[in-house]
Amino acid sequence: MNPSNGKGSVSTSSRVSWKSNEAAPVADQFPVGLRVMVVDDDPTCLMILEKMLRTCKYEVKRCSRAEEALSILRGNSNGYDIVISDVHMPDMDGFKLLEHVGLEMDLPVIMMSADDSKSVVMKGVTHGACDYLIKPVRIEALKNIWQHVVRKRKNEWKEVDQQSGSADDGQQPKYSEDGDYSSSVNEGNWRNSKRRKDDDEDGEDRDDTSTLKKPRVVWSVELHQQFVGAVNQLGIDKAVPKKILELMNVPGLTRENVASHLQKYRLYLRRLSGVSPHQNNLGNSFMNPQDPGYGPLSTLNGIDLQTLAATGQLPAQSLATLQAAGLGRAVVAAKSRIPIPVVDQRNLFSFENPKLSFGDTQQPPQHLNNGGTQINMLHGIPTNMQPKQLVNLQHQGNSLPTVQNVQSVQSGSLLMQMTDQPPLRGQQPMGNYNSISQSSPMMNLSSSYPLSNIQAKSGFPEDLTSEMKGSTPGFMPSYDIFNELNHQQKSHDWELQNVGLTFNATQQANNSIDVLGTSIAASHHSGFSSSSQGSGLTRNASTVHANNNNNAISVGQHRMNVNNFYPDNNSVRVKLEPPLFPEQFGQDDLMSALLRQQQGQGGIGPAENDFDFDGYSIDNIPV
Amino acid sequence: MDRNQSHRQVATMKQSLFDQGYLDHEQFNQLEELQDDANPNFVEEVVTLYYRDSARLVHSIEQALEKSPIDFNKLDSYMHQFRGSSSSIGAKKVKAECSLFREYCRAGNGEGCMRTFQQVKKEYTALRKKLETFFQLARQAGPVDRARRPK
């Protein structure tokens with residue numbers, strides 16, 4: 001579609017007011033006029049940044065407080081294209097802001113800090129930041145920030161495409177069309193439903209394909225309330241996007257929107273219910289599990305991962321990317337920054353194969369095809385699911401005994417992934433994983449495709465779901481799986497297989513994606529594989545939550561496998577877009593898993609609570 | 001000629017500031033590049049803002065150092081901010097002392113912190129004086145004429 005058409009045809013409906021920037025039509029002069037929100041408590045830096053951004057011909061809005069920034073963003077949902085935020089701020093941690101923005105507004109967020117230590121940078125990645133700048137920031141670094149906006153939109157479109165391709169909307173997989181359709185529908189209707197006062201001014205560029213602006217659905221308080229109401233009404237285990245959409249009855253809202261929001265919501269719930277001190281627990285809990293062997297496992301895994309990472313099998317970067325991708329956009333990192341899903345994974349592993357001590361002596365080295373390669377184990381982890389998310393979820397929700405591995409949060413994710421794998425191996429048809437993992441240590445995730453993309457599309461074809469279910473039990477919805485795993489510990493029906501498939505997202509390192517891609521590719525659109533892969537690599541590390549949820553759903557059956565796999569624990573909030581077929585997998589499963597977990601965990605409390613609106617991370621949402 | 005002379009003076013002083021390590025030439029140049037007709041005194045404004053804002057940080061640090069026992073975390077946090085601010089204007093020596101301070105902080109060395117902080121303040125004040133002189137010169141010389149034809 002040509003931009004003009006796109007603009008005109010769909011978006012130009014009066015109610016849809018996406019208007020391009022008044023100053024200059026973004027489409028034509030992009031990135032001129034890019035609307036940037038910059039947040040920093042240091043007035044000196046803020047002044048300099050603002051000037052630099054203006055010099056780049058961007059439109060700038062500066063805030064010295066995160067709360068202020070958030071309220072502005074909330075009030076003007078489509079008013080900004082990108083957010084730049086400092087990490088250390090007195091009123092709110094920059095990462096928290098990152099979470100909120102990602103969750104509520106789904107904008108790309110760039111973190112910056114004078115602190116260039118690897119751990120903090122990693123944190124940024126895992127929390128879903130699309131970039132990290134070291135202060136003092138140079139203007140050259142700012143000149144290119146528009147790429148993140150473009151990339152995100154592109155990914156979103158892809159998701160939409162995929163979704164539509166999956167016959168969800170029956171639309172052609174054309175960006176523009178999808179964009180138009182979704183944007184107009186979403187934007188227009190959605191706007192109306194949101195009762196925005198200024199429809200017009202917020203109109204984002206309508207999405208011309210060229211502008212790459214996809215209408216963003218902003219989840220206002222009312223909308224979210226409707227959403228929560230619908231979910232509660234349906235019951236957690238029955239809350240599938242389609243039904244939620246029907247119940248909500250919001251014109252213009254698409255199933256994809258609901259699906260991705262559901263993912264985030266699930267993550268959020270998980271975090272609420274399961275926030276357990278991962279780090280500490282990890283180690284301890286791990287030990288607890290059935291098998292004393294776990295203890296060593298964790299260590300082993302941890303070590304292995306590190307080794308693996310060290311050996312370059314799991315390039316930290318890629319891991320991070322993978323994780324990020326896997327996590328999908330869900331920004332919300334585990335609340336407590338769960339030391340990464342690794343723990344969860346461990347649980348999985350431990351759960352399943354207590355014997356599987358990764359590479360341990362205890363168990364027969366079934367795990368990882370290669371003794372040393374922990375990574376392989378990861379493969380087993382469902383690629384889709386953002387391992388990180390899963391892990392996080394797990395951590396949170398259940399005190400998976402195994403999970404304790406999290407020791408290294410940072411490297412944890414890597415480790416996590418790695419570690420988890422081993423356990424899997426032993427049990428399940430590790431073969432799946434192994435083969436996959438071996439193929440390419442780094443997930444085949446195409447870096448270009450952030451999982452986030454996948455996330456958007458929840459419209460995975462149904463058949464995919466079934467496929468997934470059967471073949472890749474590993475696909476665990478981020479949260480649920482973990483929880484389930486925990487419960488399940490005893491039951492070994494943990495199908496490793498599933499794990500591998502679904503989690504590839506985080507597993508990235510392990511090629512888990514491969515697994516996923518392999519198994520699913522056939523049934524699922526190719527987009528899936530790529531997206532899952534891509535997601536892994538994407539920078540947008542969205543919290544795993546998002547993706548995991550989706551994945552989790554299907555995996556739910558398999559349970560937990562997935563969760564454990566992703567050692568994302570390091571608060572890796574990889575924003576992996578939900579794996580290609582989050583929806584497919586049966587939200588129900590996810591929900592039930594989630595519910596079960598929660599209930600089982602005890603920590604989570606009654607399922608209802610989860611849906612409590614208050615609990616939602618959106619702070620300003622009044623119940 | 002006067003103008004040129006003045007400009008030369010300014011340039012010379014600036015260079016000496018770089019050479020003596022007071023200012024980081026890269027960062028300071030970045031700031032200067034941002035200066036344009038719309039904001040002819042941008043650099044001076046930023047530096048003024050820096051000194052104003054960092055004054056309270058310095059004060060907070062001093063207070064924190066006087067407490068007993070010293071809250072090193074807080075100190076570190078303050079210093080992190082101060083250091084970030086200083087680096088954004090290119091205050092090289094100040095930044096270096098800040099880094100040193102943070103090391104003592106992390107080591108829990110109160111004595112070391114106090115000593116280093118004295119150094120920080122010394123550099124901070126010295127730089128301010130130099131910059132004041134510099135800006136005075138710069139204002140007298142008039143805006144650096146890039147587009148206009150020198151007379």
Side-chain angles (χ1 to χ4, degrees), chain A residues 23 36 38-60 62-66 84-96 110-121 123-124 132-144, chain B residues 23-58 60 73-92 94-96 98-99 101-103 106 124 127-128 131:
Chain A
V36 185
V38 57
V39 190
D40 194 336
D41 64 312
D42 182 346
T44 313
C45 288
L46 204 56
M47 182 172 178
I48 298 175
L49 279 169
E50 188 184 2
K51 188 75 174 89
M52 283 181 173
L53 290 165
R54 286 199 197 283
T55 305
C56 295
K57 305 234 188 56
Y58 297 149
E59 277 186 22
V60 187
R62 60 196 245 185
C63 293
S64 52
R65 290 178 340 105
I84 302 182
S85 168
D86 187 33
V87 167
H88 295 99
M89 290 190 287
D91 63 334
M92 186 195 284
D93 183 32
F95 293 116
K96 198 123 187 299
I110 294 179
M111 300 305 292
M112 43 169 197
S113 176
D115 193 344
D116 62 348
S117 62
K118 183 166 148 231
S119 57
V120 184
V121 177
K123 210 165 160 198
Y132 190 103
L133 304 175
I134 309 288
K135 284 182 174 180
V137 179
R138 298 257 189 275
I139 195 172
E140 291 79 33
L142 296 177
K143 282 202 176 121
N144 289 330
Chain B
L23 286 180
D24 175 67
H25 78 277
E26 266 183 41
Q27 187 59 25
F28 201 74
N29 281 338
Q30 286 255 320
L31 294 183
E32 288 203 314
E33 306 233 325
L34 291 174
Q35 206 155 261
D36 55 15
D37 287 346
N39 294 92
N41 299 315
F42 180 72
V43 188
E44 189 178 354
E45 286 167 16
V46 173
V47 172
T48 308
L49 180 59
Y50 162 73
Y51 274 100
R52 195 165 61 216
D53 181 61
S54 55
R56 66 170 174 83
L57 267 178
V58 169
S60 301
N73 281 337
K74 220 171 183 191
L75 262 187
D76 190 66
S77 169
Y78 286 140
M79 193 43 92
H80 174 81
Q81 288 181 54
F82 185 64
R83 183 176 168 273
S85 239
S86 307
S87 73
S88 69
I89 66 155
K92 212 165 167 188
V94 176
K95 180 180 174 184
C98 287
S99 299
F101 180 96
R102 287 186 87 198
E103 303 216 348
R106 293 203 191 115
Y124 175 77
L127 178 65
R128 189 199 340 237
L131 285 175

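Here is how names work: the chains are called A, B, and so on, in the same order as the sequence lines, proteins then strands, and each is numbered from 1.
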Holding to ring-ring contact (aromatic ring centres under 6.0 Å, His included), I want the full list of residues that pass it with Tyr51(B), two or more places apart in sequence or in another chain.
Tyr124(B)
Distance from Ile84(A) atom CD1 to Ile110(A) atom CD1, nearest 0.5 Å?
4.5 Å
Judged by modelled atom types alone, do Ser85(B) and Asp42(A) share a side-chain donor-acceptor pair under 3.5 Å?
yes
Supply the atom-to-atom distance Lys95(B) NZ to Ser86(B) OG, rounded to the nearest 0.5 angstrom.
9.5 Å
Counting only non-hydrogen atoms closer than 4.5 Å, does Asp40(A) touch chain B with its backbone (N, CA, C, O), its side chain (CB onward), both, or neither?
neither
Please list, chain by chain and in numerical order, all residues satisfying salt bridge (charged side-chain N to carboxylate O under 4.0 Å, His left out) with Asp24(B), sequence neighbours excluded.
none
I need the residue from Ala38(B), Gly84(B), Ser87(B) with the largest number of non-hydrogen atom pairs under 4.5 Å to chain A.
Ser87(B)
Cut-off 4.5 Å, heavy atoms of chain A, and the answer for Gln27(B) is both
Under 4.5 Å from any heavy atom of chain A, what part of Arg52(B) do you find: side chain, backbone, both or neither?
neither
Check whether Arg54(A) gets within reach of chain B through its side chain, its backbone, both or neither, counting any heavy atom under 4.5 Å.
neither
Part of Leu57(B) within contact of chain A (heavy atom distance under 4.5 Å)
neither
